[in-house]
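Have a look at the structure below before the remarks.
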2 protein chains.
Amino acid sequence: MPAKKSVSPRKPPKRKAATPVARPYHHGDLREKLIAATEALILERGVDGFSLREVARRAGVSPAAPAHHFGDTKGLLSDVARLGFKDFGDALLEADRRGGNDPAKRLDEQGIAYVTFALKNPARFALMFRHDKYDATNEALHVVADRAFNALEGAIRAVQGLAPTDEMTEDAYGLLLATWSIVHGFAHLALGGELDDAARTRGGKDAILKSFLPLALKHRPIPSPRK
Amino acid sequence: MPAKKSVSPRKPPKRKAATPVARPYHHGDLREKLIAATEALILERGVDGFSLREVARRAGVSPAAPAHHFGDTKGLLSDVARLGFKDFGDALLEADRRGGNDPAKRLDEQGIAYVTFALKNPARFALMFRHDKYDATNEALHVVADRAFNALEGAIRAVQGLAPTDEMTEDAYGLLLATWSIVHGFAHLALGGELDDAARTRGGKDAILKSFLPLALKHRPIPSPRK
DNA sequence: TATTCAGACTTGACACTGTTTAGATCGCGG
DNA sequence: CCGCGATCTAAACAGTGTCAAGTCTGAATA
């Protein structure tokens, strides 16, 4: 019940009083605070351990406060997912750049980056692929998600000798599916703990990224003229 | 409080009165009823839409009744997952048998069976790989899960010319990881709706199984001496 | 046959969740 | 200077899982 407030009627300065500039609303940067708290919470307890009330609690506001910034729970999680897709796309595009002019290397680098991102950002990655947890019709989210997907498709096109405007051949589409599947599947197996037993017996905790991933990617799908 | 009973003092036969034999408890086969209701519910609303109270409601018992048979929610879901792994293993082993003496065909058939099971039993499959939803220490569950996994490993061994007692080579383990990843990833992408857009433009709703899967599996990992 | 007794189930409560409603408070622009 | 809209709180509602107690029942025991 209302213990805290009625007991100590002092402390008028609710806001931090420092840097009175660049504080768009009269109660601080709640929006960003909620997002940060959400990312921390799903990292701690998983996507399903998330609770809107807990996030509000950590941000020091009432349970209903987030509604004004995000509408509802899905609105908040949509924004967190959007940020995740942004960073995910950045990682893939940077890996693509590392591949230089070698299409096969571009694909290799992206595959490694895909799984690495998933394992380094387990909570975000899990959320990103849980469509039931956020609003699927969110436009801004679709944009960054497509951007990440197109990075992969671009490398597939290059490795198949297709121009960006060419229509995908059946074979190229199959290669795209196979490549996406293998990295996505590996990420899910790793995040699901499916490889933990093996990792325990075959090297330390980071055996998954350092050992298993290269081992698996050695068998990754390759373009039609198999070398 | 007891509205129902005091209002209508009739209907003494609470149990079905038919087949008075093989009814171990005095109120019927609640255990199986709860499991059936659970499978129906997660099929309707997804794994996260599950609710213990709703299941109890559908089985016509009080919210606390399931506790006596399964302990808690995780106990119930563990049993449902166990049954899922049982059928999953059956499907994989049957596919393995269809492969006959051709190790590559055994692998092919298992891959198709893996994804097919996932798409035909989306709710069960989703639950099976959501370790947070059930009790990981459940022994009976581990047994059937390992059985399914070993079906895949067996075919990998055969295709690599390894005896069941031989230690896995690094290359064989990489092939196992890559194969598992590609089918698991494809299943997750399909169940996550990630392929729905493409399926809509490239054929009907079952384009995923009929068209995409063969296309992707054409690029599946193959044993070292690439043909 | 009568009585005990453990298993199966209900009742009622507790703490928690997300969301809605109405109201309080603050700061900016007229 | 003052209203007004953006921001947040308080209280309530329906829903959740789980627990402690109590009720009922069928079968084995004395």
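Proteins come first, then strands; the chains are lettered A, B, ... in the order of their sequence lines, and each starts at number 1.
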Practice task
Would you indicate what B:Ser62 reaches in the nucleic acid, counting non-hydrogen atoms under 4.0 angstrom: base, sugar-phosphate, or nothing?
Solution key: base
Please tell me which of the listed nucleotides, [options], lies nearest to the side chain of [X]?
X: B:Pro63; options: D:dT18, C:dT21, C:dT10; result: D:dT18
X: A:His69; options: D:dC19, D:dT7, D:dT18; result: D:dT7
X: B:Thr73; options: C:dT20, C:dT19, D:dT18; result: D:dT18
X: A:Leu30; options: C:dT20, D:dC8, C:dG7; result: D:dC8

Fill in the blank from the handout: Sorted by chain and number, sequence neighbours left out, salt bridge (charged side-chain N to carboxylate O under 4.0 Å, His left out) with B:Glu194 holds for none
Under 3.5 Å, sequence neighbours excluded: what are the donor-acceptor pairs made by side chains of residues 114-122 of chain B?
from, atom 1, to, atom 2, distance (Å)
B:Tyr114, OH, B:Trp180, NE1, 3.0
B:Tyr114, OH, B:His184, ND1, 2.9
B:Thr116, OG1, B:Ile112, O, 2.6
B:Asn121, ND2, B:Phe117, O, 3.1

Whole-Å distance separating the [atom1] atom of [X] from the [atom2] atom of [N]:
X: B:Asp72; N: C:dA15; atom1: CG; atom2: P; result: 20 Å
X: B:Tyr134; N: D:dG17; atom1: OH; atom2: P; result: 19 Å
X: A:Arg31; N: D:dA6; atom1: CZ; atom2: C1'; result: 14 Å
X: A:Phe70; N: D:dC8; atom1: CZ; atom2: C1'; result: 14 Å
X: B:Lys74; N: D:dT16; atom1: NZ; atom2: C1'; result: 16 Å
X: B:His68; N: D:dG22; atom1: NE2; atom2: C1'; result: 13 Å

Handout entry: Taking every non-hydrogen atom, the tightest pair across A:Leu141 and A:Ala81
Key = CD1-CB, 4.1 Å
Practice task
Please report the closest heavy-atom contact between B:Ala113 and B:Ala95, naming both atoms and the distance.
Solution key: CB-CB, 3.6 Å
Exercise for the section: Just grab all the salt bridge (charged side-chain N to carboxylate O under 4.0 Å, His left out) pairs involving residues 58-83 of chain A, residues at least two apart or on different chains. Expected result: A:Arg31-A:Asp79, A:Glu44-A:Arg58, A:Glu54-A:Arg58, A:Asp79-A:Arg82
Exercise for the section: Go through residues 47-59 of chain A and report each residue with a non-hydrogen atom lying under 4.0 Å from DNA chain C, sorted by number. Expected result: A:Ser51, A:Leu52, A:Arg53, A:Arg57
List, one per line, each side-chain donor-acceptor pair under 3.5 Å for residues 203-213 of chain B, sequence neighbours excluded.
none

Fill in the blank from the handout: With sequence neighbours left out, the residues meeting side-chain hydrogen bond (donor to acceptor under 3.5 Å, both in side chains) with A:Arg202 are none
